[in-house]
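Beneath this line is the structure, given in structure tokens, with notes to follow.
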Amino acid sequence: MSTSDAIATHALGKHFGDLVAVDALDLSVRRGEIYGFLGRNGAGKTTTIRMLLGLIRPGAGEVDVLGRRVGPGTRDVFARVGYLVESASAYPDLTVRENLEIQRRLTGAPRTAVADAIARMRLESCAERRAGRLSLGNKQRVSLARALLHRPELLILDEPANALDPAGIVEVRELLRALADEQGVTVFMSSHILAEVAHLADRIGIVHEGRLLEELDREQLRAKERLYVAVRASQPDRAASLLAAAGFAHIERADGELRVFDAERRTAEIARALVGAGLDLTELSAVHEDLEAHFLRLTGGLQ
Ligand code: ATP
């Protein structure tokens with residue numbers, strides 16, 4: 001672990017009976033970065049986050065948060081961490097303001113912190129309402145307000161965009177970016193929706209079946225955007241050899257089609273090579289494969 005890491009896990013694992021929820025996970029989240037922990041439902045994100053926060057005991061491996069080893073009884077370091085986990089719920093019979101006031105006292109934050117958190121999360125109109133009566137989206141805002149209230153150095157957020165409407169998602173994204181840029185707050189956030197983290201995170205870790213499949217920084221994310229020409233023709237094997245013979249060096253087969261890379265300005269050439277050899281050409285189109293497709297392919301959702 002580098003001393004600059006906000007979170008480091010070492011061969012972290014957890015199983016529930018025969019089910020391996022988290023498998024030999026080595027994560028390192030640098031201070032000041034926004035790290036998107038991306039995976040489909042059931043990938044192991046919540047289980048990982050619970051271990052980071054010391055809420056459940058790892059089955060294997062270790063967790064360091066802000067340079068401290070997390071174990072039974074670790075408390076002090078979590079005063080510097082704000083978190084939102086699925087089960088975090090407010091006291092339903094207390095108002096939003098009262099809920100935040102309890103959090104303020106627990107964390108020793110200054111008196112002004114409650115009003116600040118209410119303003120930050122735009123909760124003014126429901127500050128005096130009982131937390132249990134709020135819409136799901138506003139409950140989520142209360143949970144985020146609680147996580148931010150004591151101005152933590154590190155935010156660990158499990159699906160922070162859950163239940164928020166599109167405008168709320170953008171607001172939270174801007175808020176997290178501002179906290180990272182202006183106050184150097186480190187953000188570790190999980191999501192099952194790539195678009196939610198692709199425009200925000202400095203780095204993304206893709207988790208599937210408890211394992212970290214890939215980590216990508218901004219530049220690598222951009223490089224994953226691929227452009228190819230999709231070709232469907234009778235006799236695909238012959239079509240592939242004809243195109244290779246015509247000088248197309250990078251051809252992949254998928255979904256019953258041929259994907260010809262570095263070819264977007266050479267579609268006429270592709271058509272001539274195939275039709276000229278007597279093949280029927282049923283599709284010829286330029287395709288822009290985005291990150292979503294890459295993510296789905298990696299995690300088994302797109303063949
Ligand atoms: P989601 O986006 O659906 O919340 P996730 O990536 O957070 O998914 P986890 O909640 O960590 O995934 O679950 C990982 C796997 O472990 C799932 O198959 C889940 O059913 C299982 N699991 C989680 N908690 C328990 C538990 N307490 N007992 C048994 N199985 C569990």
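Both ligands and their constituent atoms are indexed starting at 1 by order of listing. For reference, positions follow the sequence shown, starting with 1.
At a 3.5 angstrom cut-off on N or O pairs, Phe16 does not count as close to ligand 1. For Leu19, no nitrogen or oxygen atom sits less than 3.5 Å from a nitrogen or oxygen atom of ligand 1, counting backbone and side chain alike. The shortest N or O to N or O distance between Ala21 and ligand 1 is not below 3.5 Å.
With respect to Glu101 and Arg105, a salt bridge is recorded, a charged nitrogen being found less than 4.0 Å from a carboxylate O.
The closest approach between a heavy atom of Gly44 and any atom of ligand 1 is below 4.0 Å. The shortest heavy-atom distance from Arg40 to ligand 1 is under 4.0 Å.
Checking Lys45, His208, Met51, Glu209 against atom 2 (O) of ligand 1, the nearest heavy atom belongs to Lys45. Of the candidates Val22, Val207, Thr47, Leu38, the one placing a heavy atom closest to atom 9 (P) of ligand 1 is Thr47.
Tested against Leu194, the residues Leu296, Thr299, Leu38, Leu221 include a single side-chain contact (heavy atoms from CB on, under 4.5 Å) partner, Leu38. With Asp202 as the partner, the salt bridge (Lys or Arg N to Asp or Glu O under 4.0 Å) test is satisfied by one option alone out of Arg177, Arg31, Arg30: Arg177.
One distance of note links OG of Ser285 with CD of Glu257; it measures 7.0 Å at 0.5 Å rounding.
When each atom of ligand 1 is checked for a heavy atom of Glu159 under 4.0 Å away, the hits are 2 (O). Listed by number with element, the atoms of ligand 1 under 4.0 angstrom from any heavy atom of Asn41 are 1 (P), 2 (O), 3 (O), 8 (O). Atoms of ligand 1 lying under 4.0 Å from at least one heavy atom of Thr46, given by number and element, are 4 (O), 5 (P), 7 (O), 10 (O), 11 (O).
Counting non-hydrogen atoms of neighbouring residues, nucleotides and ligands closer than 6.0 angstrom, the CZ atom of Arg69 exceeds 12 such neighbours.
The hydrophobic clustering, which links ILVMFWY residues whose side-chain heavy atoms are closer than 4.5 Å, places Leu52 and Ile56 together.
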Would Ile270 and Val260 count as a side-chain contact (heavy atoms from CB on, under 4.5 Å) if you check the C-alpha gap in whole Å, the side-chain angles of each, and the deciding distance to 0.1 Å?
-> CA-CA 9 Å; Ile270 293 175; Val260 190; 4.3 Å; yes

Go through Arg253 and Asp237 one step at a time and tell me if the salt bridge (Lys or Arg N to Asp or Glu O under 4.0 Å) criterion holds.
-> CA-CA 10 Å; Arg253 298 277 291 268; Asp237 290 337; 2.9 Å; yes

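Proximity of atom 20 (O) of ligand 1 to the protein is not indicated, since no non-hydrogen protein atom lies closer than 4.0 angstrom.
When hydrogens are left out, the protein atom nearest atom 4 (O) of ligand 1 is Glu86 OE2, 3.2 Å; that is the closest non-hydrogen contact. Regarding atom 14 (C) of ligand 1, its nearest protein heavy-atom neighbour is Gly42 O, 3.4 Å.
Within the 4.0 Å heavy-atom criterion, neither part of His192 lies near ligand 1.
Ring geometry, Phe188 versus Tyr35: the interplanar angle falls under 30°, so the pair is classed parallel (tilted spans 30 to 60°).
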